[in-house]
Amino acid sequence: MSSGGPKDVAMLYTLAMLRADFADMTELLAEETDAVLDEGSGHQGPAKVTRWIGQR
């Protein structure tokens, strides 16, 4: 089963892109990792995720 993410890699965010977009914020968490999604019928299974949390 697909996790439902975009198939076109040009539509995916990278940590570098997020850091550039939110450079005026303090980075609290940043990671690119593997995850197993269980978020409803359209978002289940193995996935690569990029997580970024910042604070003003």
Distance from [X] atom [atom1] to [Y] atom [atom2], nearest 0.5 Å?
X	Y	atom1	atom2	result
D21	W52	CG	CH2	9.5 Å
R19	E27	CZ	CD	4.0 Å
L28	T26	CG	OG1	7.0 Å

Next item on the list: State whether E32 and K48 are salt-bridged, where the test is any N-O pair (Lys NZ or Arg NE/NH1/NH2 against Asp/Glu carboxylate O) under 4.0 Å.
Entry: no
Next item on the list: Starting from the C-alpha separation in whole Å, work towards a yes-or-no answer on side chain to side chain contact (heavy atoms under 4.5 Å, CB included) for D38 and Q44.
Entry: CA-CA 5 Å; D38 186 12; Q44 291 185 349; 3.5 Å; yes
Notebook entry, point to check: Are M17 and F22 joined in one hydrophobic group, where the rule is that I, L, V, M, F, W and Y side chains link up if heavy atoms are under 4.5 Å apart?
Noted result: yes
Next item on the list: Say whether Y13 and M25 are linked into one hydrophobic cluster, either directly or through other cluster members, by side-chain heavy-atom distances under 4.5 angstrom.
Entry: yes
Checklist line | Non-hydrogen atoms of T50 and L15 that approach each other most closely | finding: CG2-CD2, 3.8 Å
